[in-house]
Amino acid sequence: MAITNNYKLNLIQWYPGHIAKAEKNLKEQLSRVDVVLEVRDARIPLATHHPQIGEWVGSKTRVLVLNRLDMITPQVRSLWIDWFRSQGEVPYFTNAKQGQGVIAISKAAQAAGVELNQRRRDRGMLPRPVRAVVIGFPNVGKSALINRLLGRRVVESAARPGVTRSLRWVRISEQLELLDAPGVIPVKLENQDAALKLAICDDIGQASYDNQLVASAFVDLLNELQATASDLFPQLPLQSRYELDSTNHTGEAYLHALAEHRYKGDVERTARQLLTDFRKGMLGTLPLELPPSWDR
């Protein structure tokens, strides 16, 4: 389903100055990097794939990290593992806030340095730490991952996009150095379905979208996923949370009905609360994407 078809959405575009500057600086630093840790949101692994990542990585080792493991079910995780493997990739799932899966990321990055340092020894040079960069969309958990790798809070991390605004090298261990980079995002978001998912998941700046339109589209997307993949989703999550079923409503109609039911008719407050509840996991484990080859 093309979720933007149901709404005359304002185009979602967001490319603030600090991201433009950071991307320029990032490209200048990439020549010093051995490994790229690409962090995506496990709820929307395709929407949080930057189209230029292949160009940036080149021949370097890339470790694919799908963060927010706690916000999808084990069944959905297995589907993504199978799909990525069919594409020749190995995904590493993490919950950076709690530290789950982080040790495997460290080992994968350090393993890439074995060959590097062997080449250095062959040339009579001393070994050095592996240099890795953490790249991903805003608010997908890059800084939280670095803090977990280090074992203490060394870079600012918060549940909103745009917190990291400059590049910074962080020594993780004698074997690993990480470059913490601000979130990167395409100059132009060509795929507005993907842009809408970024907005729903809070992986893009709030100034770029209308809360009511995004919340309405979220309900429509949830209804569609419930109808086509009911075995992968909790039963009637909105009914369970708000005591008001969404399946017989359009997203827009549901938003207004919920406003009357719970929030004294305040539609904007309702939209914000609905999005906040999803982002905090209060509606259950709700992925917004399934693998393209998944057989319904």
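Computed from a predicted structure; not experimentally measured.
At a threshold of 4.5 Å between non-hydrogen side-chain atoms, the residues His256 and Val267 count as touching. Counting heavy atoms from C-beta outward, Ile72 and Thr285 have side chains that stay 4.5 Å or more apart. Residues Met125 and Arg119 fail the side-chain proximity criterion, which asks for heavy atoms closer than 4.5 Å. In this structure, the side chains of Gln75 and Asp231 come closer than 4.5 Å at one or more pairs of heavy atoms. Proximity of Gln29 to Leu179: side-chain heavy atoms (C-beta onward) are separated by under 4.5 Å at one or more points. Within the 4.5 Å cutoff, the side chain of Trp83 has no heavy atoms near those of the Pro45 side chain. In this structure, Ile81 and Arg77 have side chains that are in contact, with non-hydrogen atoms separated by less than 4.5 Å. Put simply, the side chain of Val90 does not reach to within 4.5 Å of the side chain of Leu64, judged on heavy atoms.
Using modelled atom types, one side-chain atom of Lys142 and one backbone atom of Phe137 make a donor-acceptor pair closer than 3.5 Å. Although no hydrogens or angles enter the test, the distance criterion places a donor-acceptor pair under 3.5 Å between the side chain of Asn117 and the main chain of Arg128. Between the side chain of Asp220 and the backbone N or O of Gly251 there is at least one donor-acceptor pair closer than 3.5 Å. Not one N or O on the side chain of His249 forms a donor-acceptor pair closer than 3.5 Å with the backbone of Val219. At distances below 3.5 Å, at least one donor-acceptor pair connects side-chain atoms of Asn139 with backbone N or O atoms of Asp202. Not one N or O on the side chain of Asp245 forms a donor-acceptor pair closer than 3.5 Å with the backbone of Leu236. Formation of a donor-acceptor pair under 3.5 Å by the Lys197 side chain with backbone atoms of Glu289 is not found in this model. Of the possible donor and acceptor atoms, one in the side chain of Asn67 sits under 3.5 Å from a partner among the backbone N and O of Val140. Using a distance-only test at 3.5 Å, with no hydrogens or angles considered, no donor-acceptor pair links the side chain of Arg40 to the main chain of Leu46. Between the side chain of Arg241 and the backbone N or O of Leu283 there is no donor-acceptor pair closer than 3.5 Å.
Cluster annotation: Leu69 is connected to Leu232 through the hydrophobic network of ILVMFWY side chains, with a link wherever side-chain heavy atoms come within less than 4.5 Å. No continuous path of ILVMFWY side-chain contacts below 4.5 Å connects Leu116 to Leu37, so the two sit in separate hydrophobic clusters. No path of Ile, Leu, Val, Met, Phe, Trp and Tyr side chains, each step under 4.5 Å between heavy atoms, connects Ile103 with Leu178, placing them in separate hydrophobic clusters. In terms of hydrophobic clustering, with Ile, Leu, Val, Met, Phe, Trp and Tyr side chains grouped at heavy-atom distances under 4.5 Å, Leu288 and Met71 are assigned to different clusters. Grouping the Ile, Leu, Val, Met, Phe, Trp and Tyr side chains by contacts below 4.5 angstrom, directly or via other members, places Trp169 with Val184.
For the atom pair Glu23 CD and His50 NE2, the distance stands at 5.0 Å (nearest 0.5 Å). The CG atom of Leu30 sits 5.5 Å away from atom CD1 of Ile135, with the distance rounded to the nearest 0.5 Å. Remark: Glu252 CD to Leu213 CG distance equals 8.0 Å, nearest 0.5 Å. Here the CD-CZ distance, from Gln87 to Arg85, works out to 13.5 Å after rounding to the nearest 0.5 Å. Of the inter-residue distances, the one linking Ile204 atom CD1 with Ile12 atom CD1 reads 6.5 Å to the nearest 0.5 angstrom. A distance of 9.0 Å separates CE of Met282 from CD of Gln273, quoted to the nearest 0.5 Å.
Considering all non-hydrogen atoms of both residues, Val63 and Val35 come closest at CG2-CG1, 4.0 Å. The shortest non-hydrogen separation linking Pro237 to Gln226 is CD-OE1, 3.6 Å. For Ala42 against Trp80, the heavy-atom pair with the smallest separation is O-NE1, 4.4 Å. Pro287 approaches Val76 most closely through the heavy-atom pair CG-CG2, 3.9 Å. Closest heavy-atom contact between Phe84 and Leu66: CE1-CD1, 3.7 Å. Taking all atoms of both residues into account, the shortest heavy-atom contact from Val36 to Lys60 is CG2-CD, 4.4 Å.
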For this session: Go through Leu244 and Leu238 one step at a time and tell me if the side chain to side chain contact (heavy atoms under 4.5 Å, CB included) criterion holds.
Result: CA-CA 7 Å; Leu244 184 66; Leu238 299 184; over 6 Å; no
For this session: Starting from the C-alpha separation in whole Å, work towards a yes-or-no answer on side chain to side chain donor-acceptor pair (under 3.5 Å) for Asn223 and Tyr254.
Result: CA-CA 11 Å; Asn223 284 343; Tyr254 182 78; over 6 Å; no
For this session: Evaluate the criterion side chain to side chain donor-acceptor pair (under 3.5 Å) for residue pair Gln110 and Ser106; output intermediate values, then yes/no.
Result: CA-CA 6 Å; Gln110 290 179 43; Ser106 179; 2.9 Å; yes
Exercise. Is there a side chain to side chain contact (heavy atoms under 4.5 Å, CB included) between Ile44 and Asp203 once you walk through the steps?
Worked result: CA-CA 10 Å; Ile44 48 172; Asp203 293 337; 3.7 Å; yes
For this session: Assess whether salt bridge (charged side-chain N to carboxylate O under 4.0 Å, His left out) is satisfied between Arg43 and Asp41, documenting all intermediate values.
Result: CA-CA 5 Å; Arg43 297 168 296 180; Asp41 189 324; 2.8 Å; yes
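Other residues, nucleotides and ligands contribute at most 12 non-hydrogen atoms within 6.0 Å of the CD atom of Glu243.
Residue Gln212 forms a side chain to side chain contact (heavy atoms under 4.5 Å, CB included) with just one option from Leu255, Leu275, Leu274, and that option is Leu255.
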